[in-house]
Amino acid sequence: MKGLVLRAGRAIAGWLTVLCLIFLLAVFLQHLRKGSAEEVLMGQRGTKESLTTLKDQSFTSRLAELAAALPDILSWKTLRGTLVLPQIGHALASTAILSGLSLLFSILLGLAMLLAAEFLPRSAGPLASAATAINTTPIFLIGIFFIWFFAFALRLLPSGGDGGLRFFILPALAIAVKFGARLFLLLRNYMDELEGKVFILRARAFGLTNRRVFLHKLANCAMPFVIFWLIETASLFSGAVIIESLFSIHGLGQLLLFAILQYDIRLIFANLVVIATIVYLTSLLQKIIAASQKRDA
Amino acid sequence: MKGHARQWLSIFVLVAILLAGVLAADPVIDLSKAFQPPSREFWLGSTPLGQSVVTLVVTGAVSTLLLSTGALLAALAVAFACSGLFYLAPRPAQQMYAGLVDAWLAIPGIFIALSIGYFLPQSFLSVLTALVLSEFAPLQKFLLQRLEGIRQAEYITMAAVMGAPATHRLRLHVLPRLARETGFLFVVSLPSVALSLASLEFLGVQTGSERMSLGLQIAIYKDYIWLYPHLSLAPVAMLLITLFCLNSASRLVRRA
């Protein structure tokens with residue numbers, strides 16, 4: 001019980017450290033652009049004197065100002081006067097749909113490649129080379145190619161927007177190609193390692209078919225598969241920010257870019273808190289799973 | 001050498017790109033020669049400003065390579081120095097620093113880089129700072145893990161038991177081994193840093209230099225795909241060649 005409390009305490013302390021880092025980053029950003037955000041905020045309404053006062057603010061006073069505003073975070077407004085929370089909620093929903101679809105497509109793609117490599121041994125080499133090449137290719141190039149091919153050349157899917165589930169298919173595929181290739185490479189390596197294990201050798205000695213042996217190996221890949229996705233959450237978000245801006249999806253990445261272009265510190269802060277919390281929780285989950293596996297071993 | 005022909009070819013291509021980029025003059029703007037098709041004068045045609053596409057992509061590749069190398073070296077230097085201090089620090093300070101690095105890892109690097117890159121004025125130093133801050137945490141995490149392994153090495157434990165002071169162990173045993181790990185890390189991380197840089201440039205973080213980087217060229221010229229495909233595809237091809245060569249070259253070091 002004591003150990004559990006200690007671990008929970010550490011997890012909360014870790015999360016608070018993440019918040020402190022984001023807080024410092026936000027104040028640092030505000031300090032870099034002295035007055036710029038205020039210029040946008042005040043527009044024609046601000047007086048020259050008040051702008052000068054804002055520009056002359058020190059780092060510590062900005063720090064104190066943002067800290068004082070923290071208790072009211074739920075009612076924060078953007079520089080355009082709209083509430084931050086609903087915007088974050090809407091963007092999170094779009095990013096969640098994009099991430100969910102990407103996850104689904106990449107699993108399908110990764111498994112399809114794995115099946116092909118297993119049952120068509122001649123294709124294993126070229127598939128591995130193709131997966132390595134895809135893994136090296138920047139995600140925005142894959143996105144551009146997909147827009148050009150599927151939206152403009154074949155006219156199969158819309159090239160941008162987030163009007164319905166159909167609009168998410170192409171961007172999700174662009175992310176999934178990269179992660180599916182990465183998943184294939186990981187599981188293929190793991191399966192090769194399993195090939196020398198006693199239970200697989202015994203299964204082969206008992207005359208089990210290749211299909212049955214493959215299913216046994218696949219079942220053993222469940223844990224590396226889960227850990228892979230937990231580790232890759234941050235990369236998934238990084239991919240999402242690029243893909244969202246390319247396909248004009250109003251997700252968290254696009255919202256962050258918008259906030260940065262407007263120098264809207266509060267929106268940047270809230271956005272980063274949501275993203276970092278999700279990534280932190282997944283990394284925490286991954287550590288718990290890894291620790292329990294270590295104990296079992 | 002034998003069996004690594006592809007890797008050596010990659011290194012040769014990288015060196016050739018670097019030499020060509022350094023020796024090439026800045027692409028000249030000549031509006032009277034805008035949108036020229038591929039010819040003997042313009043091997044891959046010309047841009048809307050009449051610049052040679054070949055010169056532009058080669059200088060862009062060099063800019064991407066130099067910037068990512070500089071950023072990686074700077075991030076590794078800071079991480080290496082911090083690892084040395086970490087070794088000498090008392091246990092609670094070590095735990096706090098490790099926790100800080102873990103917390104930093106929770107913020108995806110591209111988000112930090114975008115924020116810093118957009119807020120600082122357009123310059124080489126701004127992009128370098130953005131990249132260093134975004135790449136620092138994973139590099140530091142790797143070095144701290146390696147440091148833990150080195151700390152537990154038998155001969156270092158023995159040196160500690162025999163009463164060698166921590167600074168002596170650090171200077172003579174830990175840092176030389178950590179330096180090798182850092183060198184290895186440099187080679188294996190360079191492709192991913194170049195990839196991050198290209199993504200950042202694509203999203204609009206710029207150095208403001210006359211020599212446009214590849215990510216920026218792709219962002220600008222992607223809309224010309226139907227009318228002038230050579231213009232759109234040249235920076236894409238050059239970026240892919242650069243990344244594949246970097247990856248292939250790093251594989252050689254990994255095997256070694």
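Numbered from 1 within each chain, the chains take letters A, B, ... in sequence-line order.
If you measure heavy-atom distances from B/Leu114 to chain A, the contacts under 4.5 Å come from both the backbone and the side chain. When heavy atoms are compared at a cutoff of 4.5 Å, B/Phe202 approaches chain A solely by way of its side chain, counted from C-beta outward. Interface residue B/Leu240: only side-chain heavy atoms are found under 4.5 Å from chain A. With a threshold of 4.5 angstrom between heavy atoms, B/Trp104 approaches chain A through its backbone and through its side chain. For a residue to count as touching a neighbouring chain, one of its non-hydrogen atoms must lie under 4.5 Å from one of that chain's; by this rule B/Leu246 does not touch chain A. Looking at A/Leu19, neither its backbone nor its side chain comes within 4.5 Å of chain B, counting heavy atoms on both sides. Proximity to chain B involves both the backbone and the side chain of A/Ile260, based on heavy atoms less than 4.5 angstrom apart. Heavy-atom distances place the side chain of A/Leu257, and not its backbone, under 4.5 Å from chain B. For A/Ala133, the parts lying near chain B are the backbone and the side chain together; criterion is any non-hydrogen pair under 4.5 Å. Neither the backbone nor the side chain of A/Ile147 comes within contact range of chain B; no heavy atom of the residue lies under 4.5 Å from a heavy atom of that chain. With a 4.5 angstrom heavy-atom cutoff, A/Ser283 does not touch chain B via any of its atoms.
No side-chain donor from either of B/Gln94 and B/Tyr87 sits under 3.5 Å from a side-chain acceptor of the other. Side-chain N/O atoms of A/Thr132 and A/Ser129 include no donor and acceptor closer than 3.5 Å. A side-chain donor from one of B/Gln140 and B/Ser83 sits under 3.5 Å from a side-chain acceptor of the other.
The greatest number of non-hydrogen atom pairs below 4.5 Å with chain B, out of A/Ile242, A/Leu141, A/Thr17, is found for A/Leu141. Note on A/Trp148, A/Trp15, A/Phe152: by heavy-atom pairs under 4.5 Å with chain B, the leading option is A/Trp148.
For A/Arg10, the CZ atom is loosely surrounded, since the number of other residues' heavy atoms within 6.0 Å does not exceed 12. Enclosure of atom NE2 in B/His230 by more than 12 non-hydrogen atoms of other residues, nucleotides or ligands within 6.0 angstrom is indicated.
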List the atom pairs, with distances to 0.1 Å, where a side-chain N or O of residues 54-68 of chain B and a protein N or O form a donor-acceptor pair under 3.5 Å, not counting sequence neighbours.
{"residue": "B/Thr55", "atom": "OG1", "partner": "B/Ser52", "partner atom": "OG", "Å": "3.1"}
{"residue": "B/Thr59", "atom": "OG1", "partner": "B/Thr55", "partner atom": "O", "Å": "2.8"}
{"residue": "B/Thr59", "atom": "OG1", "partner": "B/Leu56", "partner atom": "O", "Å": "3.0"}
{"residue": "B/Thr64", "atom": "OG1", "partner": "B/Gly60", "partner atom": "O", "Å": "3.0"}
{"residue": "B/Ser68", "atom": "OG", "partner": "B/Thr64", "partner atom": "O", "Å": "2.6"}
{"residue": "B/Ser68", "atom": "OG", "partner": "B/Leu65", "partner atom": "O", "Å": "3.2"}

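Applying the salt bridge (charged side-chain N to carboxylate O under 4.0 Å, His left out) rule to pairs touching residues 173-185 of chain A yields A/Arg182-A/Glu232, sequence neighbours excluded.
For the pair B/Asp102 and A/Lys287, the salt-bridge criterion is met [side-chain N within less than 4.0 Å of a carboxylate O].
In this structure, the ring of B/Phe35 has its center less than 6.0 angstrom from the ring center of B/Tyr224.
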